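Following: one structure in structure tokens, then a few remarks.
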Amino acid sequence: MRIQERIRALKEERDAVILAHNYQRPEIQDMADIVGDSLELAVSAKGTDAAVIVLCGVDFMAETAKILNPGKTVLLPVKDATCPMAHQLTPGMIREARASHPDASVVLYVNSTAESKALADIVCTSANAVKVVRSLHTREVLFGPDCNLAAYVQNLIPEKEIIPLPPGGHCYVHEAFTRDDLGRARKRGGKIICHPECRPEIQEGADVIASTGGMVRAAPGAETWNILTEQGMGYRLERLFPTKTFYTKEEAICTDMKKITLPDLCRSLERMQYEVILDPVVASRARAAIDRMIAVGR
Ligand code: 13P
Ligand code: SF4
């Protein structure tokens with residue numbers, strides 16, 4: 001039996017749904033019931049009837065699925081697939097910042113640990129960060145851990161004061177896009193779309209700034225696109241829009257997003273590993289902050 005057939009059979013047997021992020025390997029995206037951005041995966045996890053959710057992504061995505069649907073078994077096929085940026089912010093930093101900014105709201109990017117989310121007023125993703133911050137009544141907003149997403153929000157909401165927490169939190173994959181990448185893209189032609197995790201100077205030089213789900217929604221607007229985000233996005237877009245041209249940067253690889261392979265996915269369903277287990281108090285506090293985000297919408 002081919003491994004893909006084995007995975008399909010196990011999926012039936014376990015009553016499982018496979019959710020995959022847009023950066024996953026092509027062969028994993030092909031096996032998924034739903035491929036999407038962080039917000040789309042969270043909403044799908046909350047609404048699924050399946051008994052088991054296999055989250056092909058990184059740990060904060062699997063944790064978010066468990067927090068939103070605690071009665072389900074949530075599996076992350078590779079135990080140590082994580083987002084390094086999420087670990088740049090600790091609960092201690094949030095407590096300290098709250099003490100020195102008592103009037104500020106705390107908005108945490110979904111790329112954060114469950115323990116940090118439990119201390120947030122509200123969570124956001126790159127798809128809804130602006131809407132989430134606009135929904136708040138405070139002028140001061142502590143926002144972390146991505147300082148580039150914080151700068152993007154600040155640019156669109158000048159009437160608020162967005163305080164990045166920590167000051168230099170960033171994603172190493174998106175931080176590596178340079179003005180030279182922009183220059184090469186302009187020379188090549190087509191539109192330039194970047195993720196808001198890219199630095200402000202890259203955001204300024206792009207035609208469109210969007211989450212990975214936003215890139216899917218923007219794609220019908222042009223025939224040729226330069227995609228400034230993790231290179232897995234190219235496969236996702238090519239599969240959805242086979243007649244269009246998408247240029248990605250081959251070195252823009254998130255090594256954690258690429259950890260899950262077909263044998264890992266198969267083993268995960270066979271052995272029911274690695275199950276996400278969260279402290280119930282942390283989970284219920286984090287859930288309140290994520291639910292507030294979902295109520296605000298995209
Ligand atoms: P999206 O929610 O836009 O898919 O972003 C997730 C992520 O980790 C980007 O690096
Ligand atoms: Fe984290 Fe960056 Fe990887 Fe996204 S691409 S999961 S932000 S390290």
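Just follow the structure's listing: the first ligand is 1, and inside any ligand the first atom is 1. Treat the numbers as computed from the prediction; the structure is a model and nothing was measured.
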Tell me which pairs pass side-chain hydrogen bond (donor to acceptor under 3.5 Å, both in side chains) where either residue lies in residues 160-171, with sequence neighbours left out.
Arg139-Glu161
Less than 4.5 Å apart, side chain to side chain, heavy atoms only: is that true for Arg98 and Asp121?
yes
Any protein N or O within less than 3.5 Å of an N or O in ligand 1? List each pair with its distance, or say none.
residue  : atom   : partner : partner atom : Å
ligand 1 : 2 (O)  : Ser38   : N            : 3.1
ligand 1 : 2 (O)  : Ser38   : OG           : 2.7
ligand 1 : 3 (O)  : Ser126  : OG           : 2.8
ligand 1 : 3 (O)  : His195  : NE2          : 2.8
ligand 1 : 3 (O)  : Thr212  : N            : 2.9
ligand 1 : 4 (O)  : His21   : NE2          : 2.6
ligand 1 : 4 (O)  : Thr212  : OG1          : 2.5
ligand 1 : 5 (O)  : His195  : NE2          : 3.3
ligand 1 : 8 (O)  : Asn111  : ND2          : 3.2
ligand 1 : 10 (O) : Tyr23   : OH           : 3.4
ligand 1 : 10 (O) : Glu197  : OE1          : 3.0
ligand 1 : 10 (O) : Glu197  : OE2          : 3.3

Salt-bridged, Glu230 to Lys258, with N to O below 4.0 Å?
yes
Report the distance from atom CG of Asp279 to atom CD of Glu115, rounding to the nearest 0.5 Å.
7.5 Å
Can I get a per-line list of side-chain donor-acceptor pairs under 3.5 Å for residues 74-85, giving both atom names and the distance, sequence neighbours left out?
residue : atom : partner : partner atom : Å
Thr82   : OG1  : Asp59   : OD1          : 3.0
Thr82   : OG1  : Asp59   : OD2          : 2.8
Thr82   : OG1  : His87   : NE2          : 2.8

Any side-chain heavy atom of Thr212 within less than 4.5 Å of one from Glu40?
no
Within-4.5 Å side-chain heavy-atom neighbours: Lys46 and Arg287
yes
Flag side-chain contact, heavy atom, 4.5 Å: Lys244 against Thr224
no
Quick one: do Leu119 and Arg95 satisfy side-chain contact (heavy atoms from CB on, under 4.5 Å)? Show the steps, please.
CA-CA 8 Å; Leu119 299 176; Arg95 284 196 194 94; 4.1 Å; yes
Any idea which atoms of ligand 2 are less than 4.0 Å away from a heavy-atom of Tyr23?
5 (S)
Report the distance from atom CD1 of Ile94 to atom CD of Glu96, rounding to the nearest 0.5 Å.
11.0 Å
Sphere of radius 2.8 Å around atom 2 (Fe) of ligand 2 - protein N, O or S atoms inside:
Cys171 SG
